[in-house]
Protein chains: 2
Amino acid sequence: MTQVKPMRADARRNYDRLLKVAAEAFAEHGEGASLDDIAKRAGVGSGTLYRHFPTRQALLEAAYVDRIEALGARADEIAKELPPGEALAEWLYELCVGTIQVRGMKALLGSAVTDGSKAALTACGTSMKGAAQRLVEAAQREGTLRHDIEPIEVLRLAHGVSTASELANGQGKQIRRYLSLLTDGLRP
Amino acid sequence: MTQVKPMRADARRNYDRLLKVAAEAFAEHGEGASLDDIAKRAGVGSGTLYRHFPTRQALLEAAYVDRIEALGARADEIAKELPPGEALAEWLYELCVGTIQVRGMKALLGSAVTDGSKAALTACGTSMKGAAQRLVEAAQREGTLRHDIEPIEVLRLAHGVSTASELANGQGKQIRRYLSLLTDGLRP
DNA sequence: AGATAAGCGGGGACTGTCTCCGTTTAACCC
DNA sequence: GGGTTAAACGGAGACAGTCCCCGCTTATCT
């Protein structure tokens, strides 16, 4: 489903450059980075940017899908190496680190787990929810995680932990600490 | 230290109207509400707004100090009615509810507990930290709360819980649930 | 090479922020 | 009351960002 017809060569070139520049810009200035500026730095007009990516959200998502999907794949790797409970904790840790370090990703992951918006069906949202579901269900089967909790709730809570850690501003030192508080609370 | 010289009558009038309108606007449109629009709705020029409140943050704070201080006072009321551990939990609940319901307050409370910015010394930051400290220390003395946790960390974690609850979008139903997860994790 | 439609890009309308400075007016003194 | 003065006002305008529109360019196919 990537594309019914292959893109024209120039379109493809511009698309790729925009993505590359956007990832840098969002990482540097956060999700509020100037879109016209991204267009300029990619050497295209703003019209081109808005045609490829109608909203800021769309660009944000496109710029980080690969990273998100890597995180999804990472869930399965970790699941092979550690017992379910620890695997979940470790994956959440990596998720939080990513959320904080790559500045633009916070907004993206946040909207991916927001209830009630139409953003629920984005590619990266699906990927995250899938990964979370596998780890959560395994941990519940093992008996190290409460049964009265849904995968998406775990993602939301992890987002909360990221927010709290960000406030502490200690270059991520707090993440493990705060996350362990959460996992303690999540035991049966 | 309210004011060395009393304000001129017109200045005081404008100041008050701005505050009233600002509280409404922030509640309605969130922290991003248009400042020029607030000025217009208050019937003053934008210059007047910016003279009284040099930054968005300043206006936000001025608009909600009374609410914040009420929350500070509430801490002591609750402390009289409930044993320390429960008192802390109840106060955090009210704090989270306020954070979510009054849209503009989230940004304000967030920056109040952010480490490393100069915003640390704001009036409402001090008020919150004081209230948190009293409840946290009481609970620790009682033995229902870990000793290796600081008051400000509790505030940051509560902010995280608010964020997570907000994502769930269930009109605050999740708050108790998510908060109890946190308090479970915070037990010794 | 020529036809054609996909794609480009930047000008411009619009919204919001924030400052500057000429004008107004409250407060004080006689 | 009337005059003086400094505090306060207000809105024009410079600037930055978003986003759309439409005449021009160019990749692709024959």
Side-chain angles (χ1 to χ4, degrees), chain A residues 1-63 103-104 107-108 111 118-119, chain B residues 1-63 103-104 107-108 111 118-119:
Chain A
M1 60 144 274
T2 327
Q3 196 75 20
V4 178
K5 250 186 175 178
M7 280 174 108
R8 236 172 73 167
D10 53 348
R12 161 109 253 140
R13 208 165 37 238
N14 285 330
Y15 185 94
D16 289 342
R17 301 198 60 195
L18 278 169
L19 239 45
K20 186 167 162 287
V21 171
E24 288 168 16
F26 285 135
E28 186 175 354
H29 302 114
E31 65 155 333
S34 162
L35 296 186
D36 273 30
D37 193 56
I38 289 175
K40 202 160 291 171
R41 282 210 254 168
V44 305
S46 47
T48 300
L49 187 154
Y50 287 102
R51 188 158 1 82
H52 283 306
F53 310 102
T55 65
R56 178 180 295 273
Q57 202 52 227
L59 179 55
L60 208 45
E61 172 155 1
R103 299 193 46 198
L108 178 56
S111 82
K118 61 272 167 184
Chain B
M1 64 145 275
T2 326
Q3 198 74 22
V4 177
K5 248 182 175 179
M7 279 171 109
R8 236 171 74 166
D10 54 347
R12 159 110 256 138
R13 206 165 40 238
N14 286 331
Y15 185 95
D16 290 343
R17 300 196 61 195
L18 278 169
L19 239 45
K20 187 166 162 289
V21 172
E24 287 167 18
F26 286 133
E28 187 175 352
H29 301 114
E31 64 155 335
S34 161
L35 297 185
D36 272 29
D37 193 57
I38 289 175
K40 204 159 288 171
R41 281 210 256 168
V44 305
S46 46
T48 301
L49 186 154
Y50 286 102
R51 192 160 354 87
H52 283 306
F53 310 101
T55 65
R56 178 180 295 274
Q57 201 54 225
L59 178 56
L60 207 44
E61 173 156 1
R103 298 192 48 198
L108 179 55
S111 80
K118 62 272 165 185

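Please read all numbers here as calculations on a predicted model, not as lab measurements. By convention in this document, chain letters (A, B, ...) are assigned in the order of the sequence lines, proteins followed by strands, and residues within each chain are numbered from 1.
Comment: B/D16 does not engage B/K20 in a salt bridge, judged by the lack of any side-chain N to carboxylate O separation of less than 4.0 angstrom.
Pairing each heavy atom of A/I38 with each of A/V21, the nearest pair is O-CG1, 3.7 Å. In terms of heavy-atom proximity, B/R56 sits nearest to B/A33 at NH1-O, 3.0 Å. The heavy-atom pair separating A/D36 from A/S46 by the smallest distance is OD1-CB, 3.6 Å.
Test B/R13, B/R8, B/R12 against B/D10 for side chain to side chain donor-acceptor pair (under 3.5 Å) and you get one pass: B/R8.
For B/R56 and C/dC18, the CZ to P distance is 7 Å, given to the nearest whole Å. Across the protein-nucleic acid pair, A/D10 atom CG and D/dT25 atom C1' stand 9 Å apart, rounded to whole Å. Between the P atom of C/dT17 and the CG atom of B/L60 lies a distance of 13 Å, rounded to the nearest Å. Note: OH (A/Y15) to C1' (C/dG9) measures 19 Å, nearest angstrom. Rounded to an integer number of Å, the gap from CG of B/L35 to P of C/dT19 is 12 Å. Atom P of nucleotide D/dT18 and atom CD of A/E31 are separated by 11 Å, given to the nearest angstrom. To the nearest angstrom, C1' of D/dA8 lies 14 Å from CG of B/L49. In this structure, NZ of A/K40 is placed 10 Å from P of D/dA16, rounded to the nearest angstrom.
Put simply, A/S34 has no side-chain N or O that comes within less than 4.0 Å of OP1 or OP2 on D/dA16. Using a 4.0 Å cut-off, some side-chain N or O of A/H52 falls inside it from OP1 or OP2 of C/dC8. Contact between the side-chain N/O atoms of A/Y50 and the OP1/OP2 oxygens of D/dC20 is not found at any separation under 4.0 Å.
Within 4.0 Å of A/N14, counting heavy atoms only, lie sugar-phosphate atoms of the nucleic acid but no base atom. The residue B/D36 sits close to a base: some heavy atom pair falls under 4.0 Å. Using a 4.0 Å heavy-atom distance criterion, A/R51 is classed as a base contact. When heavy atoms are screened at a 4.0 angstrom cut-off, B/T48 is found touching base atoms of the nucleic acid.
When each of B/R13 and A/G43 is assigned the nucleotide of DNA chain C with its nearest heavy atom, A/G43 is the one assigned upstream, toward the 5' end.
In the set D/dA8, D/dG10, C/dA27, C/dA27 carries the atom at the smallest distance from any side-chain atom of B/A9.
Judged by atom type and distance alone, A/R8 reaches the base of C/dA6 through a side-chain donor-acceptor pair under 3.5 Å.
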